[in-house]
Number of protein chains: 2
Amino acid sequence: MNNDKTIESMSDLLKIVGDKTRLKMLAFLKQGERCVCEFVDLFDLSQPAISQHLKKMRAAGLINERKQGTWVYYRLNDQLPSYVTEIIQALPLLETKTCDCQATGLSIPLETLK
Amino acid sequence: MNNDKTIESMSDLLKIVGDKTRLKMLAFLKQGERCVCEFVDLFDLSQPAISQHLKKMRAAGLINERKQGTWVYYRLNDQLPSYVTEIIQALPLLETKTCDCQATGLSIPLETLK
DNA sequence: CACTTATATAATAGTATAATTATATTAGTT
DNA sequence: AACTAATATAATTATACTATTATATAAGTG
């Protein structure tokens, strides 16, 4: 086995995790699944910026997505290296602001209930 | 307490840890104290680059230094956040090449023994 | 089908990070 | 004191990252 390759892959993953915005996203995801629109509401960033952060975390295997209609929900991957799990555990729990798409507590669009 | 500040400080620390070269340095330091000259030998990088990486890790509180004559030895700080300890534990053990300044196994310059 | 909403992608500009070369500092040696 | 070796700092360049604006896609609705 190649040690340098291990270190490089750890570096790649830690660089993804180490960004302030992405850490905050991970902190929110500790509480469960969240839709993209919630991040757009919660962060003082443009929607494309949010989308690109989520893409990077998805590509790194940190999060998984679930699509429901136009909405996309992300959740933490439950198979993460222990050192990543430890980082996420160390993150503070953040206050939840409820987004329209979660107002029902059902995590699905209201329209689908009509 | 301010959650954003916690996240920001975690981000700052993870950015320091997440660099490939610095991760490799931390992997070497798992085996114990090392002098700067060893890093200069072991890495395919200029001496100033090594020095700057060590400075950042020192400033972040990841490592401690001990000066002995012209030589400077660094070791892991033994009081690190658990999530950092976990990262270091996950690093592979790297082969040790012995440097002149460690040839005695005493970690001190030969000249001081004269 | 035109319109709206949610999300993603592309192009680009701004900022941060790490590398190099050059130079300074500090300790030890002759 | 001059010389060498080890390390640090400064200045600069190159590269990588993140944010923005503009645009595309895809689903849902009237």
Side-chain angles (χ1 to χ4, degrees), chain A residues 7-8 11-25 33-60 63-74 99-103 107-114, chain B residues 7-8 11-25 33-60 63-74 99-103 107-114:
Chain A
I7 288 175
E8 196 154 344
S11 170
D12 290 342
L13 192 50
L14 286 169
K15 263 183 250 176
I16 300 296
V17 172
D19 177 84
K20 184 169 135 51
T21 300
R22 290 188 291 261
L23 270 182
K24 200 168 171 182
M25 287 175 158
E33 198 177 53
R34 295 206 162 272
C35 94
V36 176
C37 63
E38 289 182 276
F39 291 121
V40 173
D41 281 358
L42 288 161
F43 289 78
D44 193 21
L45 278 179
S46 66
Q47 174 270 318
I50 301 292
S51 189
Q52 287 169 57
H53 281 301
L54 290 167
K55 182 181 189 175
K56 284 187 184 180
M57 292 205 286
R58 203 178 346 119
I63 57 177
N64 296 119
E65 71 171 10
R66 177 175 69 86
K67 292 188 180 179
Q68 182 139 25
T70 36
W71 296 345
V72 181
Y73 295 86
Y74 285 98
C99 178
D100 289 344
C101 66
Q102 299 243 333
S107 291
I108 55 172
L110 278 172
E111 288 75 14
T112 63
L113 300 174
K114 282 185 195 162
Chain B
I7 287 175
E8 195 153 345
S11 170
D12 290 342
L13 193 49
L14 286 169
K15 263 183 251 176
I16 300 296
V17 172
D19 176 85
K20 183 169 135 52
T21 301
R22 290 189 290 261
L23 270 183
K24 200 168 171 182
M25 287 175 159
E33 198 176 53
R34 296 208 161 269
C35 94
V36 176
C37 62
E38 289 182 276
F39 291 121
V40 173
D41 281 0
L42 288 162
F43 289 78
D44 194 21
L45 277 179
S46 66
Q47 174 270 318
I50 301 292
S51 190
Q52 287 169 53
H53 281 301
L54 290 167
K55 183 182 189 174
K56 283 189 184 180
M57 292 205 286
R58 203 177 347 118
I63 57 177
N64 296 119
E65 71 171 10
R66 177 175 69 87
K67 292 186 180 180
Q68 181 139 24
T70 37
W71 296 346
V72 180
Y73 296 86
Y74 284 98
C99 177
D100 290 343
C101 67
Q102 298 241 334
S107 291
I108 56 173
L110 279 172
E111 289 74 13
T112 64
L113 300 174
K114 281 184 195 160

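Note on naming: letters A, B, ... go to the chains in the order of the sequence lines (proteins, then strands), and numbering restarts at 1 for each one.
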Q) To the nearest angstrom, how far is Leu14(A) atom CG from dC17(D) atom C1'? A) 16 Å
Q | Atom-to-atom span, CG of Asp19(B) to P of dC17(D) - whole angstrom | A | 11 Å
Q.
So Lys56(B), base contact, sugar-phosphate only, or nothing? Heavy-atom distance under 4.0 Å.
A. sugar-phosphate
Q. Just how far is it from atom CG of Asp19(B) to atom CG of Leu14(B), taken to the nearest 0.5 Å?
A. 13.0 Å
Q: Please state how far atom CG in Leu45(A) lies from atom P in dT21(D), giving the value in whole angstrom units.
A: 11 Å
Q.
In terms of relative ring orientation, are Phe39(A) and Phe43(A) parallel, tilted or perpendicular, with 30° and 60° separating the classes?
A. tilted
Q) Taking atom CE of Met25(B) and atom CG of Leu42(B), what is their separation to the nearest 0.5 Å? A) 9.5 Å
Q. Does a side-chain heavy-atom distance below 4.5 Å link Gln68(A) with Tyr73(A)?
A. yes
Q. Could you give the NZ-to-P distance, from Lys15(B) to dT18(D), as a whole number of Å?
A. 8 Å
Q: Determine yes or no for a side-chain-to-main-chain donor-acceptor pair under 3.5 angstrom, with Glu38(B) supplying the side chain and Cys35(B) the backbone.
A: yes
Q) Should His53(A) be listed as having a side-chain N or O under 4.0 Å from OP1 or OP2 of dA19(D)? A) yes
(Q) For a quick check, with a 4.0 angstrom heavy-atom cut-off, what is the B/S/- contact string for nucleotides 7-15 of chain D, read 5' to 3'? (A) BBBB-----
Q. Please give, in whole Å, the distance from dA5(D) C1' to Asp41(B) CG?
A. 13 Å
Q | Under 3.5 Å side-chain donor-acceptor pair for Tyr74(A) and Arg58(A) | A | yes
